[in-house]
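First comes the structure, then the notes that go with it.
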Amino acid sequence: MRSIDIHAHLTPQCFIRAMRDGREWHGVKPGEMGIGPRNSWTPEQRIDDMNSLGVDVHVVSTFSFYYYYERDPQIILPMHRECNDEVYQMTVDYPDRFKGMAIIPMQNVNLAIEELDRCVNRMGFVGAMIDDHVNGKTYDDPEFMPLWKAAEEMGAVMLVHQQGGRTLVRDRNPNYHLHNTIGNLVDRAVTFASFVFGGVMDACPNLRVCLCHGGGYTCFGAGRMDRGWQVRPEARVNISNPPSSYLNKFYYDCLTHSEPALRMLIDTVGIDKVIFGTDWPADMAIDWPVSWVLGLESLTLEEKEAILYKNLENLLGI
Amino acid sequence: MRSIDIHAHIAPLAASHLPEGQTWHGFTRREMNGRQFLVQGEKRQWLHPAYSLTADERIAYMDSVNVDVHVLTTWVGMYNYDLPGDVGAGIARECNDYVAELTRSHPDRFAGMATLPMQDVNAAVAELERAVNELGLKGAQIADHVNNKTLDHEDFIPFWSAAEQLGALIFFHQEGDDTIVKPRDTKGWAIDNSIGNLSDRVVTFGTLVFGGVLDRFPDLKVCLAHGGGFTCFGAGRLDRGWQVRSEARELGANIPSTYLNKVYYDCLTHSEAVLRYMIDSVGIDRIFLGSDYPYDMGIDEPTGWVNSLESLTQDEKEAILWKNLERVLGV
C-alpha cells in the first residue's frame with residue numbers, strides 16, 4: 001500500500017555545509033544550532049530510511065528552527081529561498097519520493113506571498129509550513145488576509161507547525177518537555193480558533209489548512225469552544241455558525257501517539273480530513289508509522305488507506 | 001436519584017453584600033457597566049449576581065435543576081495569591097468560616113471546600129488543617145499556579161504532605177482568564193477560557209506527574225476541574241515524551257498515562273463524546289458531577305444533561321451523579 005507523509009522535515013545540506021566549514025549562514029553563526037545525526041542525512045540516506053519504514057513519499061518541509069520570523073526579512077528571505085531551492089532539487093532528483101513544502105518569511109506578508117508563489121507555481125511545491133503565530137500575531141490579523149487569499153487561489157496547503165519549544169506552555173513551566181508534549185497541542189487548538197473565530201475560514205472557504213500533531217487538542221476541545229460561542233457575544237463577532245461546524249474544513253495529520261485519540265479525531269472531523277504525518281526525523285515522531293497505522297484495530301482498511309495515501313493523493317494531486 | 005455537584009461557586013456574604021464606601025480586606029465595591037466588582041488597586045473581581053442569593057434561594061435553584069448537594073467552593077476572586085500572605089489568610093479564614101456555617105445550617109444540601117492563602121505555604125497548611133479538622137470542610141480549591149509557580153515546586157511539598165495526611169480533596173481551578181492562552185487571545189473570543197482552562201488543567205496534570213508529586217504522595221486526592229481539560233486526550237503524547245526525553249523521567253517514576261486513574265475529574269466537558277472518551281480513559285470511578293454554577297460556561301441542566309446521555313449506562317450515570325463523591329468525600 002502506498003504511503004505519503006505530509007509531516008517530514010529537512011535540515012538543509014546547505015546549512016550543514018556552512019556550519020561544517022565554519023561559515024556564517026544568513027546570519028546564523030557556526031555552533032548556534034546543533035545538528036543531530038539523522039538530521040544530517042543526505043537525500044539518499046533519507047530514502048534508505050523511508051524504504052525501511054515503508055514510506056513512499058515525503059512532503060519535505062524545512063525544519064521550523066529556520067522560521068526566524070523575528071529577524072530581518074531581507075536576511076531571512078534569501079535563507080528561505082536557499083532552503084526551498086534545495087527541497088526543489090530533491091523533488092527534481094527523486095520526483096517519485098519527494099514533494100516540496102516551502103518555508104516563507106511570514107514577518108513580511110508580501111515577501112511571503114512572493115516566495116509561496118515562486119515555490120508553488122514555478123517549482124511545483126504543494127504549499128508552505130508556517131508557525132502558529134508570527135511574533136505573537138495570530139492568523140486572524142487582517143495583515144495576513146492577502147496571504148490566505150493567495151494560498152487559496154494557488155490551492156496551496158498551509159501546514160501549521162510550532163517552532164520547537166516556543167509554545168504557550170513554556171512560560172508556565174519550562175520543564176519535563178511539556179512545552180512540546182502539551183504545548184504543541186495547545187498551540188494548534190489556538191490556531192484553529194484564530195482561523196475560525198477570526199472569520200478567515202468564512203472569508204476563504206477553499207483555503208486548505210492542515211494542523212500538525214492531529215490538530216492538537218482541537219477536536220477534543222470543540223464542545224467547550226461551542227459553549228463559549230453560544231454564551232459570549234464576543235465569540236460570535238465574525239462567525240454565525242458554531243466552531244465545531246468548522247472541524248471538517250481543516251486537515252489533520254495522524255500524529256496522535258494514541259489509537260483512541262486518532263479514532264476520536266476520525267469520528268469528529270471525518271476520515272477524509274485525516275492524513276498521514278510522522279514528524280520524521282524527530283524523536284517525538286512515530287517510530288514505525290506505516291506499521292502503526294496498519295496495526296490499529298479500531299480502523300477499517302478503507303480508513304487506513306484514506307490516511308496513508310488516498311486523502312493526500314486527492315488533496316495534492318500526486 | 002441523588003446528585004452531588006463538586007463544582008459550584010459561592011462568595012462570602014461580607015464580600016457580596018459589602019456596603020458602598022466600606023472596605024473588606026482592602027477591597028471596595030464598585031459598579032461598572034451594570035456589573036458589581038470588588039476593586040483593589042488594579043484588581044477587578046466580578047461579583048456574579050447569583051452571589052447575592054440567600055441560602056434558601058440557592059437551594060430553590062438547586063431544587064429546580066435536581067441537584068441535592070453543592071460542594072461549595074468560593075469563586076476564584078477569593079484566591080488573591082498576589083496580595084500579601086496575611087491579607088490572603090484573612091480572606092481565606094472568612095471564606096471558610098462562611099462556607100462552614102452553610103454546611104452546618106444545611107448539612108443535607110451543602111458540603112464545603114476551603115480557600116487557602118497559597119502565597120504563604122505555612123499559612124495555607126495551617127488554614128487547611130483548621131478547615132478540615134475544625135470546620136469539617138472536605139478539602140480546598142486552588143489555582144493551577146501560584147504567581148506563576150506550578151504546584152510541583154518544592155515550596156509546596158509541605159502542602160501536599162498535609163493534604164495527603166488530612167485526606168483533603170484538592171480541586172484545581174484556574175483563576176479567571178489568567179490562563180496560558182491569554183497572550184494569544186488578543187481579540188477576546190473567550191478562548192482564554194474555552195481553550196485556556198483546558199490547557200491549564202493538562203499542564204497541572206503534567207507537572208504533578210512529571211514533577212513526582214503523585215509518586216511522593218500516593219494517597220493524595222486531586223480533582224481536576226473542567227473534565228481535567230485536555231489531560232486524557234493528550235496522554236499518548238505525554239507518554240511519548242516520557243519515553244524519549246530524559247528530562248521527562250527525572251522525577252516521575254511511571255508512564256504518564258498510568259496516572260490518569262490516580263486523580264479525579266468533574267464531568268464539565270460540554271460534549272458527550274468527550275465525556276465518553278474520558279470515562280474510557282480514566283475509569284468511571286474517577287468522574288464527579290460538576291456544573292460550574294453559576295457561570296455562563298457551566299452546564300445549564302447538569303443532572304438533566306448527564307441523565308440524557310445515550311452512550312452512558314445507568315450505573316455510569318449514578319457513579320457520576322453521586323456515588324463517586326459520596327464515596328470519596330463521605331457526603
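In this text, all values refer to a predicted model and were calculated from it rather than measured experimentally. Residue numbers start from 1 in every chain, and the chains themselves are labelled A, B, ... in the order their sequence lines are given, proteins ahead of strands.
- Within the 4.5 angstrom heavy-atom criterion, no atom of Asp239(B) approaches chain A.
- In this structure, chain A has no heavy atom under 4.5 Å from any part of His153(B).
- Residues Glu250(B) and Asn175(A) fail the side-chain proximity criterion, which asks for heavy atoms closer than 4.5 Å.
- Contact count versus chain A (heavy atoms, under 4.5 Å) is highest, among Lys149(B), Arg276(B), Arg245(B), for Arg245(B).
- In this structure, the portion of Ile191(B) lying under 4.5 Å from any heavy atom of chain A is its side chain and not its backbone.
- For the set His177(A), Gln230(A), His213(A), Glu234(A), the count of heavy-atom pairs under 4.5 angstrom toward chain B peaks at His177(A).
- Contact count against chain A (heavy-atom pairs under 4.5 Å) is highest for Thr207(B) among Thr207(B), Asp185(B), Asp280(B).
- Asp279(A) and Arg240(B) are not joined by a salt bridge, as no carboxylate oxygen comes within less than 4.0 angstrom of a charged side-chain nitrogen.
- Across every non-hydrogen atom of Gly241(B) and Thr181(A), the tightest pair is CA-CG2, 3.6 Å.
- If you measure heavy-atom distances from His133(A) to chain B, the contacts under 4.5 Å come from the side chain alone.
- The contact between Arg172(A) and chain B is made by backbone and side chain atoms together, counting heavy-atom distances below 4.5 Å.
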Inset, instruction - Using the side-chain hydrogen bond (donor to acceptor under 3.5 Å, both in side chains) rule, take Arg224(A) and Asn193(B) through it: C-alpha gap first, then chi angles, then the decisive distance, then the call. - result: CA-CA 9 Å; Arg224(A) 193 170 175 87; Asn193(B) 177 309; 2.7 Å; yes
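- Note on ring orientation: taking the six-membered ring where Trp is involved, the planes of Phe233(B) and Phe220(A) are parallel (angle under 30°, cut-offs 30° and 60°).
- Options Asp144(B), Leu251(B), Thr179(B), Asp200(B) differ in how many heavy-atom pairs under 4.5 Å they form with chain A, and the most are formed by Asp200(B).
- Lys317(B) NZ: more than 12 foreign heavy atoms inside a 6.0 Å radius.
- Residues His270(B) and Asp226(A) are not in side-chain contact: their nearest non-hydrogen atoms beyond the backbone lie 4.5 Å or more apart.
- More than 12 heavy-atom neighbours from other residues, nucleotides or ligands sit within 6.0 angstrom of NZ on Lys304(A).
- Chain B forms more heavy-atom pairs under 4.5 Å with one residue of Ser194(A), Ser244(A), Gly136(A) than with any other, namely Ser194(A).
- For Ser281(B), no part lies under 4.5 angstrom from a heavy atom of chain A.
- Neither the backbone nor the side chain of Asp267(A) comes within less than 4.5 Å of any heavy atom in chain B.
- Across every non-hydrogen atom of Tyr277(B) and Met264(A), the tightest pair is CD1-SD, 3.6 Å.
- Between chain B and the options Asn184(A), Asp132(A), Asp140(A), Thr138(A), heavy-atom pairs under 4.5 Å are most frequent for Asp140(A).
- Between Val237(A) and Lys187(B) the shortest side-chain heavy-atom distance does not fall below 4.5 Å.
- Ranked by heavy-atom pairs under 4.5 Å with chain A, the first of Ser271(B), Ala235(B), Ser246(B), Ala248(B) is Ala248(B).
- Residues Tyr176(A) and Asp152(B) are in side-chain contact: their nearest non-hydrogen atoms beyond the backbone lie under 4.5 Å apart.
- In this structure, the portions of Met225(A) lying under 4.5 Å from any heavy atom of chain B include both its backbone and its side chain.
- For the pair Asn148(B) (side chain) and Asp171(A) (backbone), a donor-acceptor distance under 3.5 Å is present.
- If you tally non-hydrogen atom pairs under 4.5 Å between each of Gly298(B), Pro256(B), Ala273(B), Gly227(B) and chain A, the highest count goes to Gly298(B).
- For the set Ile180(B), Thr269(B), Val203(B), the count of heavy-atom pairs under 4.5 angstrom toward chain A peaks at Ile180(B).
- Counting only heavy atoms from C-beta outward, the side chains of Ile182(A) and Arg237(B) never approach each other to under 4.5 Å.
- With a threshold of 4.5 angstrom between heavy atoms, Leu185(A) approaches chain B through side-chain atoms but not through N, CA, C or O.
- The shortest side-chain heavy-atom distance between Phe210(B) and Leu178(A) falls under the 4.5 Å cut-off.
- Contact annotation for Leu198(B): only side-chain heavy atoms (C-beta onward) come within less than 4.5 Å of a heavy atom of chain A.
- Using a 4.5 Å cut-off between heavy atoms, Asn238(A) contacts chain B through its side chain alone, with no backbone atom that close.
- Counting only distance, with no hydrogens or angles, the side chain of Arg184(B) and the backbone of Val190(A) share no donor-acceptor pair below 3.5 Å.
- Residues Gln243(B) and Asp283(A) are not in side-chain contact: their nearest non-hydrogen atoms beyond the backbone lie 4.5 Å or more apart.
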Legend entry - Stepwise side-chain contact (heavy atoms from CB on, under 4.5 Å) test for Tyr217(A) and Val202(B): CA-CA 11 Å; Tyr217(A) 298 131; Val202(B) 58; 3.8 Å; yes
